> 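Take this structure, written in structure tokens, and hold onto it; I'll ask about it next.
Just so it is clear, the structure is predicted and the values come from calculations on it, not from any experiment.
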Amino acid sequence: MAVPGPLRVLAVAAACVFWLHHVEGKEDNSTMSPSDASFCHGGLEVIYPEVDINKCLTISAALKLRQKMTKVWDAPHIHLCGADKRKKYLLMMVDPDAPSRTSPTRAHWRHWLVADIKGSGLRRREFKGTALSEYIRPTPPQKSGFHRYQFMLFEQPAAKTVSLTEEEKSSPGNWDPQAFIKRFDLGEPVASVQFLTQNPED
């Protein structure tokens, strides 16, 4: 029997609420400024094995989470409950604080760039796309303080083939995400989230 439209909407909403509150990892927001906290919007969820990041937070030193983030865990799963299943998306992950927030001479450091992500997959937690930059684990240098690792999800224009230039491919450092966004008419991110972490030896 077909489920009435309003009931389908309620079921999807309930599923979204469940996943948005399923946070396994410890968090410590003592280092989170109001401007850092305001970066996150749109319900984007970044899922690592022991921590689900669905809001701006600082990764706790408890349970060796910072060490696992830097040395153990590979690319996270990405979920957006409200993704339009008819559209494609692009995800970028950057560190604007390379090599440190006080002296970001290598910002932005490109940690991940994935195009051609199907909205239907984002909704079902089946994240697939074309990696333009393979995932690089967060590796903040020792004594460089906390780094922000920012995930931004954009709607990808249907008629655009997205790619990096040869110069951009040569190094992940000193990348200009705004120039990339403008080049492919990506506009504003539909959703974004970030976490802060520091070198696990600090």
Side-chain angles (χ1 to χ4, degrees), residues 19-81 89-114 117 121-122 125-129 131-154 171-175 177 189 191-202:
W19 279 95
L20 284 174
H21 286 83
H22 176 60
V23 180
E24 296 175 352
K26 301 290 184 180
E27 61 183 87
D28 170 13
N29 286 333
S30 59
T31 57
M32 182 72 64
S33 69
S35 62
D36 287 338
S38 67
F39 177 85
C40 301
H41 76 281
L44 185 63
E45 187 176 13
V46 176
I47 307 165
Y48 286 97
E50 294 178 43
V51 56
D52 293 1
I53 300 164
N54 52 50
K55 61 182 178 180
C56 289
L57 56 83
T58 301
I59 302 299
S60 171
L63 305 177
K64 296 185 177 180
L65 293 181
R66 293 174 185 168
Q67 182 177 0
K68 293 172 184 176
M69 188 81 72
T70 297
K71 299 180 179 181
V72 179
W73 295 336
D74 292 323
H77 295 289
I78 306 296
H79 175 227
L80 182 65
C81 192
Y89 294 84
L90 178 140
L91 178 79
M92 65 172 64
M93 174 189 177
V94 297
D95 174 5
D97 304 321
S100 71
R101 193 162 185 172
T102 56
S103 182
T105 57
R106 294 286 281 158
H108 288 67
W109 195 275
R110 190 177 64 248
H111 277 262
W112 203 17
L113 186 63
V114 185
I117 305 163
L122 281 172
R125 294 178 291 279
E126 296 175 0
F127 179 76
K128 294 180 181 179
L132 304 180
S133 282
E134 297 292 342
Y135 180 76
I136 300 173
R137 292 175 183 143
T139 52
Q142 279 191 268
K143 310 302 181 184
S144 66
F146 281 91
H147 287 234
R148 293 166 290 172
Y149 292 91
Q150 300 177 334
F151 295 78
M152 291 168 279
L153 188 73
F154 299 85
S171 171
N174 293 118
W175 189 51
S192 58
V193 73
Q194 72 175 346
F195 64 83
L196 277 66
T197 189
Q198 64 179 358
N199 188 287
E201 303 303 320
D202 290 346

> Measuring only between side-chain heavy atoms, which start at C-beta, is F154 closer than 4.5 Å to P189?
yes

> How many angstroms lie between CE in M93 and OG in S133, if you round to the nearest 0.5 Å?
11.5 Å

> For residues Y48 and D74, report the shortest heavy-atom separation together with the two atoms involved.
CE2-O, 3.8 Å

> When you measure from the side chain of R137 to the backbone N and O of K71, does any donor-acceptor pair fall under 3.5 Å?
yes

> Looking at side-chain heavy atoms only, is the closest gap between F146 and P140 below 4.5 Å?
no

> Do M92 and P177 have side chains that approach each other closer than 4.5 Å (heavy atoms only, starting at C-beta)?
yes

> So do the side chains of V193 and C40 get within less than 4.5 Å of each other, counting heavy atoms only?
yes

> Between S38 and S35, what is the shortest heavy-atom contact and its length?
OG-O, 2.8 Å

> Restricting to non-hydrogen atoms, name the atom on L122 and the atom on H79 that form the minimum distance, rounded to 0.1 Å.
O-CD2, 2.9 Å

> Give, for atom CE of M69 and atom CD of E50, the distance between the pair rounded to the nearest 0.5 Å.
10.0 Å

> Looking at H147, Q150, R148, which hits side-chain hydrogen bond (donor to acceptor under 3.5 Å, both in side chains) with D97?
R148

> Enter the distance from F151:CZ to E45:CD here, rounded to the nearest 0.5 Å.
12.0 Å

> From L91 CG over to L113 CG, what is the distance, rounded to the nearest 0.5 angstrom?
8.0 Å

> Verify, without hydrogens or angle tests, whether N174 (side chain) and T105 (backbone) share a donor-acceptor contact under 3.5 angstrom.
yes

> A quick test of your reading: do over 12 heavy atoms of other residues, nucleotides or ligands sit less than 6.0 Å from CD of Q67?
yes

> Does R66 reach the main-chain N or O of I59 with its side chain, forming a donor-acceptor pair under 3.5 Å?
yes

> Any heavy-atom pair between the side chains of V114 and F127 that's under 4.5 Å?
yes

> Which heavy atom of P172 sits nearest to which heavy atom of W175, and what is that distance?
O-CB, 3.8 Å

> Is there a donor in the side chain of S192 and an acceptor in the side chain of H41, or the other way round, less than 3.5 Å apart?
yes

> To the nearest 0.5 Å, what is the distance between CG (N54) and CG (L44)?
9.5 Å

> Give the intermediate values and the outcome of side-chain contact (heavy atoms from CB on, under 4.5 Å) for residues W109 and I136.
CA-CA 10 Å; W109 195 275; I136 300 173; 4.2 Å; yes

> Does some side-chain heavy atom of R106 sit less than 4.5 Å from a side-chain heavy atom of S171?
yes

> Examine distances only and state if a side-chain atom of H108 and a backbone atom of P96 form a donor-acceptor pair shorter than 3.5 Å.
no

> Look at the side chain of D95 and the backbone N and O of Y149, then say whether any donor-acceptor pair between them is shorter than 3.5 Å.
no

> On a heavy-atom basis, which atom in C56 and which in D36 lie closest, and how many Å separate them?
SG-O, 3.3 Å

> Does D202 reach the main-chain N or O of K143 with its side chain, forming a donor-acceptor pair under 3.5 Å?
yes

> Given side chains that start at C-beta, do those of W73 and V51 come closer than 4.5 Å, heavy atoms only?
yes

> Between F39 and M152, is there a side-chain heavy-atom distance shorter than 4.5 Å?
yes

> Go through I78 and V46 one step at a time and tell me if the side-chain contact (heavy atoms from CB on, under 4.5 Å) criterion holds.
CA-CA 5 Å; I78 306 296; V46 176; 3.9 Å; yes

> Of all heavy-atom pairs between T70 and P138, which one has the smallest distance, and what is that distance?
OG1-O, 3.0 Å

